[in-house]
Amino acid sequence: AQSVTQPDIHITVSEGASLELRCNYSYGATPYLFWYVQSPGQGLQLLLKYFSGDTLVQGIKGFEAEFKRSQSSFNLRKPSVHWSDAAEYFCAVGPSILTGGGNKLTFGTGTQLKVEL
Amino acid sequence: SAVISQKPSRDICQRGTSLTIQCQVDSQVTMMFWYRQQPGQSLTLIATANQGSEATYESGFVIDKFPISRPNLTFSTLTVSNMSPEDSSIYLCSVVGHPYEQYFGPGTRLTVT
């Protein structure tokens with residue numbers, strides 16, 4: 001069965017510092033990969049996605065993520081964190097068109113990001 | 001992307017009662033999903049709701065506990081029946097917009113006392 005692991009439950013960074021949030025997945029084939037952000041009291045907002053092609057994908061709010069097939073990873077990065085980035089971040093995987101498609105997502109347990117001023 | 005609203009945004013309910021959560025989308029969509037996010041945990045898919053057919057439930061979720069309606073392509077409801085404190089969670093609906101992209105509503109925060 002597919003699974004998503006986000007090993008860091010909490011991360012604290014200083015404003016202006018760089019950020020990397022880890023995501024590893026277990027899947028039968030290369031899935032579609034997503035990062036979502038959830039601010040307090042809000043729903044989930046899609047930050048970026050990987051379907052195929054260039055393994056470095058750009059998203060909204062200055063975020064990027066790199067897909068590494070050999071490591072089954074899809075880590076999220078941001079070169080300079082802003083205080084407003086404090087939120088919970090979820091990595092998710094879904095079946096690709098090559099494996100029949102569909103839209104059922106499996107989520108990781110999330111990483112809570114705290115930004116120190 | 002789709003704009004999704006949910007009602008109520010939060011509620012506090014008594015044990016043994018039921019609550020119906022509404023999800024409204026600003027455009028017609030084929031597939032809608034209902035998720036549960038228990039305190040401090042990730043999202044778990046409850047069911048997939050397609051218009052004109054019965055909802056498809058994930059393992060561990062049953063229709064008697066979580067009946068779902070999907071009367072048209074812009075609206076769905078999820079009822080949490082015979083509630084217990086373990087049902088205290090955030091319930092979110094989502095829709096598929098761009099192929100394979102899901103967009104989420106703001107969630108309904110339910111507390112059962």
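Letters A, B, ... are given to chains in the order of the sequence lines, protein chains preceding strands, and every chain is numbered from 1.
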What about B/W34 and B/M32, same hydrophobic cluster or not, with Ile/Leu/Val/Met/Phe/Trp/Tyr joined at side-chain heavy-atom distances under 4.5 Å? no
Need one label for B/E58: side chain, backbone, both or neither, based on atoms under 4.5 Å from any heavy atom in chain A. side chain
Measure the CG-CD distance between B/L43 and A/Q38 for me, rounded to the nearest 0.5 Å. 6.5 Å
Backbone of A/G108 reached by a side-chain donor or acceptor of B/S42 within 3.5 Å: yes
Does B/E54 have more than 12 heavy atoms from other residues, nucleotides or ligands lying within 6.0 Å of its CD? no
Can you say whether A/L44 sits under 4.5 Å from chain B via the side chain, the backbone, both, or neither, judging by heavy atoms? both
Could you state the interatomic distance from CZ (B/F104) to CD (A/Q45), rounded to the nearest 0.5 Å? 12.0 Å
Same apolar cluster: B/L78 and B/L73, side chain cutoff 4.5 Å: no
Same cluster or not: B/V96 versus A/Y32, using hydrophobic residues (I, L, V, M, F, W, Y) connected whenever any side-chain heavy atoms lie under 4.5 Å apart? yes
Decide if atom CZ of A/R77 counts as having more than 12 heavy atoms of other residues, nucleotides or ligands within a radius under 6.0 Å. yes
Contacting moiety of B/L45, where chain A heavy atoms sit under 4.5 Å: side chain
Side chain, backbone, both or neither: which part of A/Q112 has a non-hydrogen atom closer than 4.5 Å to chain B? neither
When clusters are formed by joining ILVMFWY residues with side-chain heavy atoms under 4.5 Å apart, either directly or through shared neighbours, do A/I11 and A/V81 land in the same one? yes
Just checking B/I12: does its CD1 atom have more than 12 heavy atoms from other residues, nucleotides or ligands closer to it than 6.0 angstrom? no
Check: A/Y36 side chain, B/Q102 main-chain N or O, donor-acceptor pair, under 3.5 Å: yes
Closest non-hydrogen atom pair between A/F34 and B/E101, with its separation: CE2-CA, 4.4 Å
Leading residue by heavy atom contact count with chain B [cutoff under 4.5 Å; candidates A/L105, A/L46, A/T106, A/I9]: A/L105
